[in-house]
Amino acid sequence: MMQTAVISRTLLTVWTPVFSSLAARTCSNCRAVPYGARQYSVIPPSTSSEEKAMLDRMLRVDHAGEYGANRIYAGQMAVLGRSQSAPLIQSMWDQEKYHLQKFNEILAENRVRPTLLLPLWNVAGFVLGASSALLGKEGAMACTVAVEESISEHYNSQIRALMEANPDRYKELLQMIKEFRDDEMEHHDTGLEHDAEKLPGYWLMKTVIQAGCKAAIYVSERI
């Protein structure tokens with residue numbers, strides 16, 4: 001009975017975020033838009049199929065990245081939730097929750113399909129967060145530095161692309177991405193300030209994690 005209860009709790013921890021995220025988008029899709037209200041938050045109506053495809057790819061991968069970051073922090077808190085590092089990790093996780101909430105809303109409002117790989121990122125993110133936290137505070141912070149640096153670089157590439165395309169048209173989207181990029185860089189700097197580089201094998205761990213992030217970004221844009 002005890003083993004069954006443990007397995008049940010583990011399955012709930014791993015899979016509940018996937019179902020909750022999907023349910024939130026489904027409910028948002030059903031909301032009626034009041035007469036005279038804006039029908040989009042930060043995304044202008046597409047003027048061509050090419051623009052629609054570009055924005056869909058951009059939103060899909062950003063949502064996947066924030067979803068994965070949430071699962072990483074969830075894994076870290078599962079291990080370090082009662083340690084002295086818990087308030088610090090929780091504060092960064094709270095910001096990631098807000099990012100994910102915004103992308104859930106935007107995907108629903110613009111009827112953008114999330115990546116089909118959400119179940120994979122759910123498990124992979126949680127395992128990465130938990131396994132890095134098992135190395136202690138330094139391991140958790142090293143993971144944070146690697147992931148947040150990758151996400152920040154990706155946001156910067158999107159900012160450059162939107163600026164080159166039409167900065168006035170995408171003004172609100174640019175503002176949001178810049179805000180989220182700044183949050184990610186703050187998390188990156190926080191990790192460095194809290195001994196990330198003191199982890200033995202820090203540079204190897206960072207290189208491996210960032211290679212995984214690049215692969216995840218590539219496939220999430222396309223699948």
Side-chain angles (χ1 to χ4, degrees), residues 13-15 17-18 21-22 25 53-79 89 92-93 95-97 99-100 102-104 106-107 112-135 138-162 173 176-177 180-192 196-197 199-223:
T13 299
V14 171
W15 289 107
V18 172
S21 183
L22 292 174
R25 288 193 295 278
M54 177 196 74
L55 291 173
D56 283 4
R57 287 195 302 271
M58 189 173 293
L59 295 173
R60 182 175 298 118
V61 71
D62 288 350
H63 173 265
E66 296 295 351
Y67 181 85
N70 267 268
R71 300 305 295 146
I72 289 171
Y73 284 115
Q76 291 182 352
M77 284 297 290
V79 176
I89 296 172
M92 293 189 287
W93 188 14
Q95 285 185 309
E96 299 295 352
K97 288 178 180 179
H99 296 178
L100 180 58
K102 291 300 295 182
F103 277 115
N104 277 336
I106 293 171
L107 259 63
V112 177
R113 173 186 61 78
T115 176
L116 298 176
L117 298 175
L118 275 190
L120 175 59
W121 303 150
N122 171 44
V123 176
F126 188 88
V127 170
L128 175 58
S131 59
S132 66
L134 288 172
L135 300 174
E138 293 81 4
M141 293 298 108
C143 177
T144 294
V145 169
V147 172
E148 301 292 24
E149 185 175 291
S150 295
I151 294 177
S152 298
E153 290 175 354
H154 180 68
Y155 275 147
N156 280 332
S157 69
Q158 289 187 343
I159 290 169
R160 288 192 294 270
L162 292 172
L173 178 58
M176 186 189 75
I177 292 177
F180 289 1
R181 185 272 318 273
D182 291 345
D183 288 343
E184 310 299 358
M185 281 307 302
E186 181 182 336
H187 299 169
H188 168 273
D189 295 345
T190 297
L192 290 177
E197 293 177 305
L199 177 75
Y202 165 76
W203 289 107
L204 176 60
M205 179 178 178
K206 180 180 177 182
T207 299
V208 171
I209 290 176
Q210 291 189 331
C213 288
K214 289 180 181 179
I217 289 170
Y218 179 86
V219 296
S220 293
E221 284 181 326
R222 294 161 174 78
I223 298 178

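When reading the values below, keep in mind they use all heavy atoms of this one structure, side chains included, and skip hydrogens, waters and symmetry mates.
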Considering the options Glu138, Glu148, Gln76, which one meets the side-chain contact (heavy atoms from CB on, under 4.5 Å) requirement together with Cys143?
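Among Glu138, Glu148, Gln76, the one that satisfies the side-chain contact (heavy atoms from CB on, under 4.5 Å) with Cys143 is Gln76.
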**Study point:** Residue that, paired with His63, satisfies side-chain contact (heavy atoms from CB on, under 4.5 Å) out of Val112, Thr115, Leu118, Ile106
**Key:**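 Considering Val112, Thr115, Leu118, Ile106, a side-chain contact (heavy atoms from CB on, under 4.5 Å) with His63 is found only for Leu118.
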What salt bridge (Lys or Arg N to Asp or Glu O under 4.0 Å) pairs are there with at least one residue in residues 116-134, not counting sequence neighbours?
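Listed by first then second residue: nothing to list.
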Between atom [atom1] of [X] and atom [atom2] of [Y], what is the distance when rounded to the nearest 0.5 Å?
{"X": "Tyr67", "Y": "Asn70", "atom1": "OH", "atom2": "CG", "result": "9.0 Å"}
{"X": "Ile159", "Y": "Phe180", "atom1": "CD1", "atom2": "CZ", "result": "11.5 Å"}
{"X": "Asn104", "Y": "His99", "atom1": "CG", "atom2": "NE2", "result": "13.0 Å"}
{"X": "Glu184", "Y": "Thr144", "atom1": "CD", "atom2": "OG1", "result": "10.5 Å"}

Find out whether [X] and [Y] are in side-chain contact, i.e. whether some heavy atom of one side chain is under 4.5 Å from a heavy atom of the other.
{"X": "Ile72", "Y": "Phe126", "answer": "no"}
{"X": "Tyr155", "Y": "Met185", "answer": "no"}
{"X": "Glu197", "Y": "Leu192", "answer": "yes"}
{"X": "His187", "Y": "Ile151", "answer": "no"}
{"X": "Met176", "Y": "Leu173", "answer": "yes"}

Exercise. Go through the steps to decide whether Ile89 and Met141 satisfy the test side chain to side chain contact (heavy atoms under 4.5 Å, CB included), and finish with yes or no.
Key: CA-CA 9 Å; Ile89 296 172; Met141 293 298 108; 4.0 Å; yes
query: At their closest point, which heavy atom of Arg60 faces which heavy atom of Glu221, and how far apart are they?
result: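 Scanning both residues completely, I find the closest heavy atoms to be NH1-O, 3.7 Å.
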Compare every heavy atom of Leu162 with every heavy atom of Met54, then report the nearest pair and how far apart it is.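 In this case the closest contact between Met54 and Leu162 is CE-CD2, 4.5 Å.
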Would you mind writing out the side-chain donor-acceptor pairs for residues 203-216 within the sub-3.5 Å range, not counting sequence neighbours?
from, atom 1, to, atom 2, distance (Å)
Lys206, NZ, Glu149, OE1, 3.2
Lys206, NZ, Glu149, OE2, 3.4
Thr207, OG1, Trp203, O, 2.8
Gln210, NE2, Ala146, O, 3.2
Gln210, NE2, Glu149, OE2, 3.1

| request: Give the C-alpha distance, both sets of side-chain angles, the deciding distance and a yes or no for side chain to side chain contact (heavy atoms under 4.5 Å, CB included) between Glu66 and Lys102. | output: CA-CA 10 Å; Glu66 296 295 351; Lys102 291 300 295 182; over 6 Å; no
Residues two or more places apart in sequence or in another chain: which of them pass side chain to side chain donor-acceptor pair (under 3.5 Å) with [X]?
{"X": "Ser220", "result": "Trp121"}
{"X": "Arg181", "result": "Asn156"}
{"X": "Tyr202", "result": "none"}
{"X": "Gln158", "result": "Asp62, His154"}

